[in-house]
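Worksheet: the structure to be examined is printed underneath.
Since this is a predicted model, take the numbers as computed values, not measurements. Reminder, nothing fancy here: chain letters follow the sequence lines and each chain counts from 1. These numbers come from the heavy atoms of this one structure, side chains and all, not from hydrogens, waters or symmetry mates.
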There are 2 protein chains.
Amino acid sequence: MAGDGGGRAARSRRHDPQRRDRIVAACLEVIAEHGVAGTSHRRVAAAADVPLGSMTYHFSGMDELLRAAFGRFASSVAERFERRLAAAATAADARQAVASIIVGEVFGSRRDLVLTHELYTLAAREPAFRAVTNAWMRRSRAALERHFDTTTALMLDALIEGLTIHEALGTQPRDPALVRLAVDRLAGQPE
Amino acid sequence: MAGDGGGRAARSRRHDPQRRDRIVAACLEVIAEHGVAGTSHRRVAAAADVPLGSMTYHFSGMDELLRAAFGRFASSVAERFERRLAAAATAADARQAVASIIVGEVFGSRRDLVLTHELYTLAAREPAFRAVTNAWMRRSRAALERHFDTTTALMLDALIEGLTIHEALGTQPRDPALVRLAVDRLAGQPE
DNA sequence: CGCTGATATGTACGATCGTACGCATCATGG
DNA sequence: CCATGATGCGTACGATCGTACATATCAGCG
């Protein structure tokens with residue numbers, strides 16, 4: 001449609017190293033807004049302000065594009081997760097960090113919640129995307145295991161996922177005190 | 001393609017009251033296999049062995065079809081959930097029931113896991129589907145609250161969701177003992 | 001300054017999509 | 001037994017999809 005390429009100034013684009021990254025970023029925006037179901041080469045190209053031809057030039061197909069996009073997304077979330085948890089010194093700090101992660105520091109935006117579920121859905125069906133989620137989970141778990149034993153880390157990870165879902169679906173406001181209580185019940189008494 | 005309608009015997013189909021149900025059931029199968037992204041009127045019609053025209057006749061559009069399908073799915077899962085939990089007499093029974101639900105009695109099949117996440121993903125973006133998930137959650141929570149206090153019921157619900165995700169994504173086998181331990185930590189000591 | 005190979009782009013094609021709509025088919029009242 | 005309205009079906013249409021490919025564009029070199 002309009003702006004598909006004709007409207008763009010005919011500036012030099014050769015050797016634009018950010019091009020691929022811009023496409024990936026735009027892809028995440030499109031997914032967040034329209035879902036994987038509504039994501040097309042054309043929409044992503046329009047969002048990234050690149051010609052349609054760039055899609056097949058930079059990516060072999062939709063699958064590679066989606067993998068790149070979700071790979072970047074998972075990595076960025078995992079990094080925030082690690083940073084937040086690395087800042088904790090004591091065990092109490094760590095529990096507080098986990099609670100704050102749940103309450104909103106990491107999964108603050110609806111955008112991220114939506115993207116997370118889109119990824120999970122893809123991974124639940126296609127093993128290729130499970131590599132992405134597995135790497136993500138491994139990093140999260142490793143970060144947790146710096147503060148908690150393996151068993152507790154697993155439980156906390158599950159609790160985070162579960163409360164995240166409720167956050168994404170629920171219209172009810174989440175209760176920080178309740179989150180804190182749940183974390184303490186799971187991780188409060190080391191054994 | 002083949003069997004789109006031509007291949008079917010020209011028997012009378014008038015007043016086929018199961019028709020709509022069959023379409024809904026077929027829709028769930030298609031979603032489980034191809035995802036919401038890959039679900040089309042044509043594919044569902046083929047799976048249900050009904051002519052394409054029946055789609056627009058029985059449903060105003062894709063959205064109504066999806067809502068009907070996921071409504072039926074959520075209701076069926078919630079019913080199994082309630083039954084399993086209603087069978088519990090003592091508090092210990094209830095904790096065991098929750099653990100067994102997680103381990104696989106309710107979410108036993110990959111099909112159900114996939115469908116659940118497809119629904120969550122839809123609900124995360126479109127409020128119309130949140131009505132379905134809210135009703136489901138309300139039923140689950142009510143079933144839990146027959147055995148646990150409100151706070152604990154919320155936590156257990158979240159734990160179920162979280163461990164379910166790990167089950168759907170993880171290649172690792174879930175550990176029944178660990179699940180039991182997590183349930184007991186959350187619900188073991190009433191306060 | 002002209003040549004050239006690598007790089008990026010615009011367009012065209014075949015497939016598939018959702019949906020509208022005219023026609024066939026049957027249950028029913030006379 | 002026939003006329004008739006309600007019910008279900010097959011098909012055709014416009015839109016949109018992913019992708020291939022010929023063409024345009026530029027950096028680097030002689």
Length of the line joining [X]:[atom1] and [N]:[atom2], which is rounded to integer Å:
X     : N      : atom1 : atom2 : value
B:Y57 : C:dA24 : OH    : P     : 18 Å
A:I23 : C:dT7  : CD1   : C1'   : 14 Å
B:H34 : C:dC17 : NE2   : P     : 10 Å
B:D49 : D:dG10 : CG    : P     : 11 Å
B:R19 : D:dT7  : CZ    : C1'   : 11 Å
A:R20 : C:dA8  : CZ    : P     : 12 Å
B:E64 : C:dT19 : CD    : P     : 11 Å

- [ ] State whether B:D21 and B:R72 are salt-bridged, where the test is any N-O pair (Lys NZ or Arg NE/NH1/NH2 against Asp/Glu carboxylate O) under 4.0 Å.
- [x]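 A salt bridge is present here (some side-chain N lies under 4.0 Å from a carboxylate O).
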Task: Salt-bridge present (B:R111, B:E29; N to O < 4.0 Å) - done: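 Yes, this pair counts.
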Open item on the list: Please tell me if A:S54 has a side-chain N or O lying less than 4.0 Å from either OP1 or OP2 of C:dA8.
Closed with: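 No, A:S54 has no side-chain N/O under 4.0 Å of OP1/OP2 on C:dA8.
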If we only count heavy atoms from C-beta on, is the [X] to [Y] side-chain gap below 4.5 Å?
X      : Y      : result
B:E79  : B:R139 : yes
A:T152 : B:R185 : yes
A:L122 : A:V132 : no

Task: From CA spacing to verdict: side-chain contact (heavy atoms from CB on, under 4.5 Å), B:I101, B:L85 - done: CA-CA 9 Å; B:I101 284 167; B:L85 225 54; 3.9 Å; yes
Polar atom pairs between nucleotides 18-20 of chain D and protein, under 3.5 Å, N or O only, would you list them?
from	atom 1	to	atom 2	distance (Å)
D:dG18	OP1	A:H41	N	3.2
D:dG18	OP2	A:H41	N	3.0
D:dG18	N7	A:R42	NH1	2.5
D:dG18	O6	A:R42	NH2	3.0

Task: hydrophobic_cluster_shared for A:V36 and B:V114, side chain cutoff 4.5 Å - done: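 No: no chain of side-chain contacts under 4.5 Å links B:V114 to A:V36.
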Task: Hydrophobic cluster identity match, A:M62 and A:L52, side-chain contacts under 4.5 Å - done: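 In one cluster with A:M62: A:L52, yes.
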- [ ] Give the angle between the helix axes at the two ends of the helix from C:dC1-D:dG30 to C:dG30-D:dC1, taking five base pairs at each end and rounding to 10°.
- [x]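 Result, rounded to 10 degrees: 10°.
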- [ ] Inspect the surroundings of CD in A:E126 and state if more than 12 heavy atoms from other residues, nucleotides or ligands are less than 6.0 Å away.
- [x]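 Correct, the count exceeds 12.
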